[in-house]
Number of protein chains: 2
Amino acid sequence: MPEPAPRADRPADRLRDRPSGTRYGNRPTMKDVAARAGVGLKTVSRVVNGEPGVTPDTERRVQEAIEALGFRRNDSARVLRKGRTASIGLILEDLADPFYGPLSRAVEEVARAHGALLINGSSAEDPDREQELALALCARRVDGLVVIPAGDDHRYLEPEIRAGVATVFVDRPAGRIDADVVLSDNFGGARDGVAHLIAHGHRRIGFIGDMPRIHTAAERLRGYRAAMEDAGISVADSWMSLGVTDPERVRRAAEAMLTGPEPVTAVFTGNNRVTVTVIRVLAGLPRPVALVGFDDIELADLLQPGVTVVAQDAAALGRTATERLFRQLDGTLLGPERIELPTRLVTRGSGELPPSV
Amino acid sequence: MPEPAPRADRPADRLRDRPSGTRYGNRPTMKDVAARAGVGLKTVSRVVNGEPGVTPDTERRVQEAIEALGFRRNDSARVLRKGRTASIGLILEDLADPFYGPLSRAVEEVARAHGALLINGSSAEDPDREQELALALCARRVDGLVVIPAGDDHRYLEPEIRAGVATVFVDRPAGRIDADVVLSDNFGGARDGVAHLIAHGHRRIGFIGDMPRIHTAAERLRGYRAAMEDAGISVADSWMSLGVTDPERVRRAAEAMLTGPEPVTAVFTGNNRVTVTVIRVLAGLPRPVALVGFDDIELADLLQPGVTVVAQDAAALGRTATERLFRQLDGTLLGPERIELPTRLVTRGSGELPPSV
DNA sequence: TAGAGCCTGGACAACGTTGTCATCAGCGAG
DNA sequence: CTCGCTGATGACAACGTTGTCCAGGCTCTA
């Protein structure tokens with residue numbers, strides 16, 4: 001007997017059978033509530049959404065039916081009908097990076113203030129994965145997207161943006177499309193940080209940063225070069241090292257520039273991951289080496305010496321971007337803009353060490 | 001003229017009008033693709049989903065139409081039809097807390113391996129907000145929920161769980177319902193940490209922890225008491241302080257137990273937030289005070305002295321929980337279980353300081 | 001050459017909600 | 001007493017997709 005019955009009441013497309021009190025795995029719908037309350041479908045909808053035009057008595061009956069059945073509105077259907085999902089997507093590089101914690105919290109808070117949920121994913125610095133994620137989020141019909149780009153070509157988002165997906169890029173600019181961008185002043189911050197070292201007497205200063213294809217890394221390198229040039233110092237190639245922030249590579253890079261014929265007396269590190277590794281390297285050295293790092297790190301003040309950093313305000317980045325996103329959705333925005341937030345030099349000791357001879 | 005035409009081709013329920021190349025804000029649907037490709041609706045569906053039974057030639061025509069129109073499947077409709085959303089929800093306390101970074105990354109990775117997206121929200125340690133979030137996620141029909149509970153009564157989730165929402169609690173147990181729980185061995189970890197201090201000669205040991213209504217805080221306090229009792233030490237009330245982990249309160253608590261008639265010679269801190277604040281307090285003291293903290297913290301090895309901690313594996317917590325969630329969805333699971341992961345004592349110096357007299 | 005069987009493709013309903021519109025009862029005014 | 005109005009209520013279609021099922025054309029074989 002391949003077919004038990006010619007026609008089942010409901011298609012049994014949901015396989016899970018749990019020891020439920022009532023229907024197996026099938027949730028009650030407004031139709032069920034309506035039947036139980038003895039009212040029409042639309043009346044239930046009105047009650048659920050707090051729309052006016054329902055007698056207190058009717059409302060009570062509906063509420064009772066909702067309670068009794070454990071009804072919960074199916075937002076998928078609602079979204080399908082209304083066109084807006086009240087959710088935004090956040091794509092970042094790595095949820096576990098302490099820099100992104102405050103940023104995503106800020107994004108979440110602004111979203112929450114607008115009644116939206118946050119869906120997020122990590123690109124792991126892989127452009128393909130970024131695209132895959134972004135498009136998956138668009139297929140879910142998120143209302144907007146906050147993207148910390150891994151790739152440098154975002155034309156794939158053009159149809160989505162045209163279709164109304166509000167999009168803001170954070171921390172790094174969008175590639176090959178015109179879109180809202182919220183950045184830190186990476187160039188200025190790095191230049192100031194390096195200038196600080198120069199002001200304390202250093203001339204041979206090393207730079208260790210992330211892969212040069214990452215915009216922030218490139219900008220910070222540019223800031224380093226600018227500060228050196230402003231001071232009339234010519235930079236040796238061996239003083240600069242860009243690449244993955246994997247501790248092993250960073251360690252080797254640091255050790256290389258600290259030895260050799262022209263060893264650096266100070267190091268400028270391009271992000272928090274690099275800074276942490278370099279602190280470990282410097283801790284193992286007999287002579288003190290000055291250090292300024294981009295990005296603040298927790299407990300930086302308690303190390304000996306305290307670590308001087310160029311701090312950026314990750315929360316402000318996230319907040320600014322997300323507020324802008326919702327203004328795009330409001331329609332109270334003119335055109336794409338590039339917003340640059342200032343950085344702040346926090347002196348704690350490591351940047352004020354004199355060059356040791 | 002209030003009405004421009006008796007019947008518009010499409011209801012203009014979407015207000016946004018962008019300078020789109022084609023239809024304003026209206027995305028193409030499979031119907032549009034079908035029309036353009038000169039095929040039936042279902043054929044488009046087949047191509048989009050890679051189902052068999054389509055001639056290469058037809059498939060090519062459909063693909064071209066998809067490209068040309070910039071079509072992207074509307075997953076809301078798909079979800080409505082299929083009943084599964086391929087997304088899971090994560091509710092934690094605070095996205096910005098470094099402890100939750102690795103945890104949520106692990107959750108995301110497992111979700112990704114199962115083709116699911118991650119929606120997350122922060123409860124800010126507020127039970128009402130936790131419930132609001134959880135139910136909002138259920139309304140979105142997430143397939144499952146990973147919850148780091150803020151509240152201690154989760155009966156509100158019963159109808160959802162019955163309806164098939166896979167649910168796993170992490171870091172703290174569920175309240176008043178029977179559900180999967182993945183925890184660290186908070187009791188054992190704290191006991192070992194305190195025993196370590198005792199082994200190094202301490203008798204007057206302080207405990208500073210989070211609010212006692214939080215399960216982890218209570219368990220760690222219990223571990224502290226157990227270790228003290230095992231060593232035959234009777235604990236003075238003034239040695240223990242539980243409450244919010246706000247730096248101001250923690251600072252006062254630490255200062256109080258470090259002065260007075262019976263000052264402690266060592267402190268056990270109940271979580272990473274507390275540890276960081278106490279390190280700052282201790283750094284300002286003339287005499288050394290031993291410290292062991294629950295939770296590992298970055299750079300703990302570089303402080304003077306290094307901070308001895310009871311480390312828990314946040315990533316393993318998230319991974320274990322999420323894998324279990326998907327096994328619930330597979331149906332390859334018997335019943336709710338309580339899984340306890342071990343902690344690890346990492347000695348770095350601060351816990352090995354002798355009592356200073 | 002005809003029949004059987006297979007493969008491709010399309011018509012149609014259904015998922016659960018919301019917007020539109022019609023209906024109906026009750027009521028006040030003329 | 002009746003007309004028209006108001007406010008509550010429900011019937012119905014639509015959102016965009018997928019599952020079911022049937023039709024038509026093709027190939028293969030007897």
Side-chain angles (χ1 to χ4, degrees), chain A residues 3 6-15 25-35 37-62 66 69 71-86 139-141 163, chain B residues 3 6-15 25-35 37-62 66 69 71-86 139-141 163:
Chain A
E3 296 290 341
R7 221 170 113 187
D9 219 350
R10 287 195 170 231
D13 51 358
R14 299 190 195 152
L15 302 175
N26 270 339
R27 280 167 165 275
T29 72
M30 285 193 178
K31 203 166 156 186
D32 301 318
V33 174
V39 301
L41 182 54
K42 180 66 211 206
T43 300
V44 177
S45 171
R46 274 191 268 261
V47 171
V48 169
N49 295 297
E51 288 170 24
V54 181
T55 325
D57 181 58
T58 310
E59 169 157 6
R60 190 184 43 72
R61 288 215 317 285
V62 172
I66 289 177
L69 295 174
F71 167 79
R72 189 163 323 281
R73 181 179 64 196
N74 184 332
D75 275 353
S76 302
R78 175 168 225 252
V79 159
L80 176 59
R81 189 60 233 254
K82 304 204 73 151
R84 288 241 171 264
T85 55
R140 296 290 169 110
R141 297 293 187 267
Chain B
E3 295 292 339
R7 223 171 112 188
D9 219 350
R10 288 196 168 231
D13 51 358
R14 299 191 194 150
L15 303 176
N26 270 338
R27 281 167 164 274
T29 71
M30 285 193 179
K31 203 166 156 185
D32 301 318
V33 174
V39 302
L41 183 56
K42 180 64 210 209
T43 300
V44 177
S45 171
R46 274 192 268 262
V47 171
V48 169
N49 295 296
E51 289 170 23
V54 181
T55 328
D57 181 59
T58 310
E59 169 157 6
R60 191 186 41 72
R61 288 216 316 285
V62 172
I66 288 176
L69 295 174
F71 167 80
R72 189 163 321 282
R73 181 178 64 197
N74 184 333
D75 274 353
S76 302
R78 174 169 227 253
V79 160
L80 177 60
R81 186 62 231 251
K82 302 205 73 150
R84 289 241 170 262
T85 56
R140 296 291 169 108
R141 297 292 186 271

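Residue numbering restarts at 1 for every chain, and letters A, B, ... go by the order of the sequence lines. Basis for what follows: all heavy atoms, side chains included, without hydrogens, waters or symmetry-related copies.
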(request) Starting at atom CG of A:D75, determine the distance to atom C1' of D:dG16, rounded to an integer number of angstrom. (result) 17 Å
(request) Kindly say whether, by distance alone, the side chain of A:K31 makes a donor-acceptor pair under 3.5 Å with the base of C:dG16? (result) no
(request) Let me know the distance between NZ of B:K42 and C1' of D:dG16, rounded to the nearest Å. (result) 13 Å
(request) Sequence neighbours left out, what passes side-chain contact (heavy atoms from CB on, under 4.5 Å) with B:L41? Give chain and number order. (result) B:M30, B:K31
(message) Please report the distance, rounded to the nearest Å, between CZ in A:R27 and P in C:dG16.
(response) 11 Å
(request) Estimate the overall bend of the helix from C:dT1-D:dA30 to C:dG30-D:dC1 from the end axes over five pairs each, rounded to 10 degrees. (result) 50°
(request) Taking the side chain as every heavy atom from C-beta outward, state whether A:N74 and B:R141 have any atom pair closer than 4.5 Å. (result) yes
(message) Rounding to an integer number of Å, can you tell me how far A:R84 CZ sits from D:dG16 P?
(response) 14 Å
(message) Please confirm whether the shortest side-chain N or O distance from B:R73 to OP1 or OP2 of D:dT18 is below 4.0 Å.
(response) yes
(request) Check side-chain contact (heavy atoms from CB on, under 4.5 Å) between B:V79 and all other residues, then give those that pass, not counting sequence neighbours. (result) A:S76, B:T85
(request) Output all residues satisfying side-chain contact (heavy atoms from CB on, under 4.5 Å) with B:A35, sequence neighbours left out; order by chain, then residue number. (result) none
N/O contacts under 3.5 Å, protein versus nucleotides 5-9 of chain C?
from  : atom 1 : to    : atom 2 : distance (Å)
C:dT8 : O3'    : B:T55 : OG1    : 2.8
C:dG9 : OP1    : B:T55 : OG1    : 3.0
C:dG9 : OP1    : B:T58 : OG1    : 2.2
C:dG9 : OP2    : B:T55 : N      : 3.1
C:dG9 : OP2    : B:T55 : OG1    : 3.4
C:dG9 : N7     : B:R46 : NH2    : 3.1

(request) Compare every heavy atom of A:L80 with every heavy atom of B:A77, then report the nearest pair and how far apart it is. (result) CB-CD1, 3.7 Å
(request) Quickly work out the B:L41 CG to D:dG19 P distance and round it to whole Å. (result) 13 Å
(request) Using whole Å, report how far CE of A:M30 lies from P of D:dA14. (result) 20 Å
(request) Starting from C1' on C:dG16, measure out to CZ on B:R81 and report it in whole angstrom. (result) 12 Å
(message) Could you check whether any side-chain heavy atom of B:R73 comes within less than 4.5 Å of a side-chain heavy atom of B:N49, counting everything from C-beta outward?
(response) yes
(request) Check A:T29 against A:F71 and note the closest heavy-atom contact, atom names and distance. (result) C-CE1, 3.7 Å
Using a 3.5 Å cut-off and no angle test, enumerate the donor-acceptor pairs between side-chain atoms of residues 52-59 of chain B and protein atoms at least two apart in sequence or in another chain.
from  : atom 1 : to    : atom 2 : distance (Å)
B:D57 : OD1    : B:R60 : NH2    : 2.6
B:D57 : OD2    : B:R61 : NH1    : 3.4

(request) Remember a base hit wins even if backbone is also touched, and classify B:N49 as base, sugar-phosphate or nothing at under 4.0 Å, heavy atoms. (result) sugar-phosphate
(request) Rounded to the nearest angstrom, tell me the gap between atom CG in A:L80 and atom C1' in C:dG19. (result) 13 Å
(message) Once rounded to the nearest 0.5 Å, what's the spacing between atom CD of B:E51 and atom OG1 of B:T43?
(response) 10.5 Å
